[in-house]
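Taking it in order: structure first as structure tokens, then the write-up.
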Amino acid sequence: MTAIFEPRNRALAQPLETERFHLRPVGPVRFLIATNRWRSDPDILTGLYQSPRRRSLWKWIKTGPVPNNRTRFAFLIVPKGSNVAIGAHTTKLQGYRSAFHTVALDDRDWWGKGVIVEVRARVMNHFFRNGEIDRFFGVVEARNVASVFNYRRLGYDHVGTWHRHRQNPTTGEVVDFLNFEIFRGKWEEGPFAEKCDAD
Ligand SMILES: CC(C)(COP(=O)(O)OP(=O)(O)OC[C@H]1O[C@@H](n2cnc3c(N)ncnc32)[C@H](O)[C@@H]1OP(=O)(O)O)[C@@H](O)C(=O)NCCC(=O)NCCS
């Protein structure tokens with residue numbers, strides 16, 4: 001049965017908070033409005049799809065990280081004291097008790113300020129606690145240095161490389177992809193695990 005017939009997962013689609021941000025769970029319509037600019041932002045498109053080519057709304061709906069709040073969840077990242085989202089973080093349940101993330105910040109003023117590590121750590125604690133998740137994984141283009149650093153900072157292990165996996169349709173460059181994963185046990189021993197009952 002497809003995800004559309006499953007009940008919403010209200011335990012996971014919950015408002016969250018970090019030191020600097022409110023993380024607001026949204027459905028597909030609010031997500032599409034909030035990420036409308038992503039479809040024509042060359043840096044974000046390259047980070048997500050290795051190509052700066054603009055995406056139509058139709059393609060974004062079909063292939064983008066649009067939440068259904070059953071298997072895919074999205075949180076708008078809103079700085080405290082503001083009402084404007086600076087980006088969005090999504091998490092998709094996929095594989096055996098596993099999940100992976102997608103993120104982008106369209107507000108450049110927030111790049112290089114540790115937003116992803118802070119937000120992702122909170123999301124991971126929430127999913128480990130309230131979802132049937134034992135493992136997070138990520139596949140990232142080797143040249144996406146910020147993402148690679150963020151996975152490593154959070155304690156993910158580099159578990160493999162897909163060499164010459166994809167060709168950039170615009171530049172013709174052939175790029176490698178790195179595979180990362182972390183299991184619950186390692187997370188709980190790491191510095192970002194929430195020890196107290198914060199949810
Ligand atoms: C990824 C993104 C959200 C920025 O995240 P960020 O956490 O602000 O990234 P930063 O610039 O702080 O980089 C993270 C780390 O990588 C390091 N880094 C980044 N580029 C680097 C480079 N070229 N060389 C060395 N280190 C680099 C930073 O110094 C930082 O290290 P630190 O944790 O020790 O401070 C933003 O680039 C974005 O929206 N990109 C487009 C979408 C995307 O690529 N999403 C990820 C794929 S799902």
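Numbering of residues begins at 1 and proceeds along the displayed sequence. It should be emphasised that the depicted structure is a prediction, and the values quoted were computed from it without experimental measurement.
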Considering residues, nucleotides and ligands other than R39, do more than 12 of their heavy atoms fall under 6.0 Å from its CZ?
yes
Please enumerate all residues that pass ring-ring contact (aromatic ring centres under 6.0 Å, His included) together with H101, with sequence neighbours excluded.
H89, F136
For the residue pair W38 and W60, does the interplanar ring angle fall in the parallel (under 30°), tilted (30 to 60°) or perpendicular (over 60°) class?
perpendicular
Taking only Lys NZ, Arg NE, NH1 and NH2, and the carboxylate oxygens of Asp or Glu, determine whether E194 and R122 approach each other closer than 4.0 Å.
yes
Do R55 and T63 meet the criterion of a side-chain donor-acceptor pair at a distance under 3.5 Å?
yes
Quick one: do F100 and T91 satisfy side chain to side chain contact (heavy atoms under 4.5 Å, CB included)? Show the steps, please.
CA-CA 6 Å; F100 72 93; T91 300; over 6 Å; no
I'd like to check the ring-ring contact (aromatic ring centres under 6.0 Å, His included) partners of Y151; sequence neighbours left out, ordered by chain and number.
Y156, F180
Hey, does the side chain of N125 reach the backbone of A121 with a donor-acceptor pair shorter than 3.5 angstrom?
yes
If you take the centroid of each ring, where Trp contributes its six-membered ring, are W110 and F21 closer together than 6.0 Å?
yes
Would you call E17 and K80 a salt bridge, taking side-chain N to carboxylate O under 4.0 Å as the test?
yes
Under the 3.5 angstrom rule, does the side chain of T161 hit a backbone N or O of H163 as a donor-acceptor pair?
no
Does E118 pair with K113 as a salt bridge, N-O distance under 4.0 Å?
no
W111: ring-ring contact (aromatic ring centres under 6.0 Å, His included) partners, not counting sequence neighbours
none
Is the backbone of G172 close enough, under 3.5 Å, to the side chain of Q167 for a donor and an acceptor to pair up by distance?
yes
Does this structure show an ion pair linking R143 with D176, if we count only N-O contacts that are shorter than 4.0 Å?
no
Taking H158 for its side chain and G160 for its backbone only, find out whether a donor-acceptor pair lies under 3.5 Å.
yes
Check this for me: does any side-chain nitrogen of one of D41 and R108 sit under 4.0 Å from a carboxylate oxygen of the other?
yes
Does N68 use its side chain to pair, donor to acceptor, with the backbone of R72 at less than 3.5 Å?
yes
Donor-acceptor pair, distance only, cut-off 3.5 Å: does the side chain of N168 make one with the backbone of Q50?
yes
Per side chain to side chain donor-acceptor pair (under 3.5 Å), S98 is matched among K92, E132, R135 by R135
Might you confirm whether atom NZ of K59 has over 12 heavy atoms from other residues, nucleotides or ligands at distances under 6.0 Å?
no
